[in-house]
Colleague: 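Take a look at the following structure, please.
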2 protein chains.
Amino acid sequence: MAEVDPRPQRDAQRTRAAILAAAQEAFSRSGYSDTGVRDITAAAGVNPALVNRYFGSKERLYEEALGALLDAALITDIPRERFGETVVAILTATQRSQLNPLPMMMLASADPTAREITDRLLKAVFIEPLARWFGPERGAGKAAFFSALASGLTVYRELYPLDAFGAQMPEEARNWLIAAFQSLVD
Amino acid sequence: MAEVDPRPQRDAQRTRAAILAAAQEAFSRSGYSDTGVRDITAAAGVNPALVNRYFGSKERLYEEALGALLDAALITDIPRERFGETVVAILTATQRSQLNPLPMMMLASADPTAREITDRLLKAVFIEPLARWFGPERGAGKAAFFSALASGLTVYRELYPLDAFGAQMPEEARNWLIAAFQSLVD
DNA sequence: TGGCTAAGTAAACGGTGGTTTACATGATGT
DNA sequence: ACATCATGTAAACCACCGTTTACTTAGCCA
């Protein structure tokens, strides 16, 4: 006899989490405007109306989805002496991280509402903490360089793939990137 | 007496050009999905149906709009000894260039169809010629670095503006960028 | 066991999108 | 002047979107 599943069929927390996870995946793949509420809920196996029940609107679902990704992406616990290679290792992981907020940011930027939300969250939960971590002297500039470099790399790895940034990145390219990132903390 | 305008009220070429120009402006500002055919034709002062008459579809209008921008953006006639500063001057021009294809590329990348078109055009009319200009040795890698750096800079100048890349960019940041670009040709 | 409430569903609503169709009108050549 | 065709227009079409509403059903407690 099979074990009975002790979990009830109806579980608000589980359903909410399933929608949020499906939203993160969908928004990261298709952005804001091109991701429908019905796409998300179909992937989560629930009814479209539940987005409004649990999150209020598609807009607020996006905000929570991106916020969680940005939170998880903060890299301020990396040891400074190995900053460059650690960052490059993360950004060029063969198994694309589910937690990289950059694709979602790039793809969602066309919609004015999503862009406003993204701009606010990006600065509040990522750029500013990162700038403080870099230190009071030129911290903001370093955070900006970090973001620009990481974004450019992500664009040509995931959006418009170029061989030079592909799976088997040439040693020279990798070293250039490591040195560029490491120079921000030295 | 005022001179009579010798141009007829109806001029297919002029109308077509007006639609194309309005499309470049709109796609650069709002991407593909968030730009409506009615938005474009309203800006051009013509009827929405003319998009289909002159371009076949919104899709093919996008293709022609981006293709023209990518063509005009090729920077292979820059003297190599001043490559870095020239590129940075172009990318950080106070008056944002109407011809920079990067915002359009970034904003349009969410829609699968627009992304496919962008990917094809980007490589055929920009990346590959640029790689040849850099030379047979590591040309592709240099073109990739150029694109990544330029894209990251554009993202944080136009999409999610950061002070460090703003109008009055610190001398240090500017010099870092110039050196990075110049290193690609030295 | 029975009923009450949270959880989930189905269906519709108003708005908007790209596109097509049928029609009106200005330009041109005889 | 008039016929003809390119050019432009108005309106409708059909599909899809986010959201709301009315309803059903499962879970839980008395």
Side-chain angles (χ1 to χ4, degrees), chain A residues 4-23 26-27 29-66 107-108 110-117, chain B residues 4-23 26-27 29-66 107-108 110-117:
Chain A
V4 266
D5 189 340
R7 296 176 305 200
Q9 306 174 17
R10 293 184 171 184
D11 183 331
Q13 287 188 24
R14 177 185 311 274
T15 301
R16 212 191 108 101
I19 294 174
L20 187 60
F27 285 140
R29 189 163 34 79
S30 307
Y32 184 77
S33 301
D34 289 307
T35 297
V37 169
R38 287 168 177 85
D39 298 332
I40 297 171
T41 53
V46 303
N47 190 279
L50 294 185
V51 160
N52 299 88
R53 176 189 292 279
Y54 287 119
F55 298 90
S57 64
K58 179 191 177 186
E59 203 175 305
R60 297 226 289 277
L61 171 58
Y62 173 77
E63 180 164 359
E64 190 162 335
L66 177 62
L107 294 173
D111 182 88
T113 305
R115 183 141 129 206
E116 194 178 359
I117 293 171
Chain B
V4 268
D5 190 340
R7 296 175 307 201
Q9 304 176 20
R10 293 184 170 184
D11 183 334
Q13 287 189 26
R14 177 185 310 274
T15 302
R16 212 191 108 103
I19 295 173
L20 186 60
F27 285 141
R29 189 165 32 80
S30 307
Y32 184 78
S33 301
D34 289 305
T35 297
V37 168
R38 288 170 176 83
D39 299 331
I40 296 170
T41 54
V46 301
N47 191 277
L50 294 185
V51 162
N52 300 89
R53 176 189 293 279
Y54 288 118
F55 298 91
S57 64
K58 179 190 177 186
E59 203 176 306
R60 297 227 291 278
L61 171 57
Y62 172 79
E63 180 164 359
E64 190 161 334
L66 177 62
L107 293 172
D111 181 88
T113 306
R115 183 143 131 208
E116 194 177 0
I117 293 171

Colleague: Report yes or no: is there a donor-acceptor pair, N or O only, under 3.5 Å between the side chain of Arg38(B) and the base of dT16(C)?
Modeller: no
Colleague: Just the rounded figure in Å: distance from C1' of dC17(D) to OH of Tyr32(A).
Modeller: 11 Å
Colleague: I'd like to check Arg16(A) versus Glu64(A) (side-chain heavy atoms, cut-off strictly below 4.5 Å). Are they in contact?
Modeller: yes
Colleague: Write down the distance between OH (Tyr62(A)) and P (dG18(D)), rounded to a whole number of angstrom.
Modeller: 15 Å
Colleague: Just grab all the salt bridge (charged side-chain N to carboxylate O under 4.0 Å, His left out) pairs involving residues 32-51 of chain A, residues at least two apart or on different chains.
Modeller: none
Colleague: Within this structure, what is the CD-to-P distance between Gln9(A) and dT24(D), rounded to whole angstrom?
Modeller: 19 Å
Colleague: Could you tell me which residues satisfy side-chain contact (heavy atoms from CB on, under 4.5 Å) with Arg29(B), sequence neighbours excluded, listed by chain and number?
Modeller: Glu25(B), Ala26(B)
Colleague: Regarding Thr41(A), tell me which of base, sugar-phosphate or nothing describes its non-hydrogen contacts under 4.0 Å with the strands shown.
Modeller: nothing
Colleague: Please identify each residue that fulfils side-chain contact (heavy atoms from CB on, under 4.5 Å) with Ala108(B), with sequence neighbours left out.
Modeller: Tyr32(B), Tyr62(B), Ala114(B)
Colleague: Mind checking what makes side-chain contact (heavy atoms from CB on, under 4.5 Å) contact with Ala18(A), not counting sequence neighbours?
Modeller: Ala44(A)
Colleague: Please list, by residue number, the residues of residues 44-61 of chain B whose heavy atoms come closer than 4.0 Å to an atom of DNA chain D; answer none if no residue qualifies.
Modeller: Val46(B), Asn47(B), Ala49(B), Leu50(B), Arg53(B), Tyr54(B)
Colleague: For Arg10(A) and dT24(D), what is the distance between atoms CZ and P respectively, to the nearest whole Å?
Modeller: 13 Å
Colleague: Give a yes/no on whether any side-chain N or O of Thr15(A) is located under 4.0 angstrom from OP1 or OP2 of dA7(C).
Modeller: no
Colleague: Starting from C1' on dA26(D), measure out to CG on Asp11(A) and report it in whole angstrom.
Modeller: 13 Å
Colleague: What's Ser33(B) touching, base or sugar-phosphate or nothing? Going by heavy atoms closer than 4.0 Å.
Modeller: nothing
Colleague: Just report the end-to-end axis angle for the helix from dT1(C)-dA30(D) to dT30(C)-dA1(D), five pairs per end, to 10 degrees.
Modeller: 10°
Colleague: Write down the distance between CD1 (Ile40(A)) and P (dG18(D)), rounded to a whole number of angstrom.
Modeller: 8 Å
Colleague: Once side chain to side chain donor-acceptor pair (under 3.5 Å) is applied, what residue pairs with a partner in residues 41-60 of chain A remain, sequence neighbours excluded?
Modeller: none
Colleague: With side chain to side chain contact (heavy atoms under 4.5 Å, CB included) as the test, would you mind laying out the steps for Phe27(B) and Leu107(B) before giving the verdict?
Modeller: CA-CA 8 Å; Phe27(B) 285 141; Leu107(B) 293 172; over 6 Å; no
Colleague: Please report the shortest heavy-atom distance between Ser30(B) and Ala110(A), naming the atom on each side.
Modeller: O-CB, 3.4 Å
Colleague: In whole angstroms, how far is the C1' atom of dT16(C) from the CG atom of Asp34(B)?
Modeller: 12 Å
Colleague: Could you pull out the closest heavy-atom pair between Ile40(B) and Ala22(B), with the gap in Å?
Modeller: O-CB, 3.6 Å
Colleague: Name every residue in residues 16-23 of chain A that has at least one heavy atom under 4.0 Å from any atom of DNA chain D, in order of residue number, or write none if there are no such residues.
Modeller: none
Colleague: What is the distance, to the nearest angstrom, from the CZ atom on Arg14(A) to the P atom on dA7(C)?
Modeller: 13 Å
Colleague: Report the residues that fulfil salt bridge (Lys or Arg N to Asp or Glu O under 4.0 Å) with Arg115(B), sequence neighbours left out, ordered by chain and then residue number.
Modeller: none
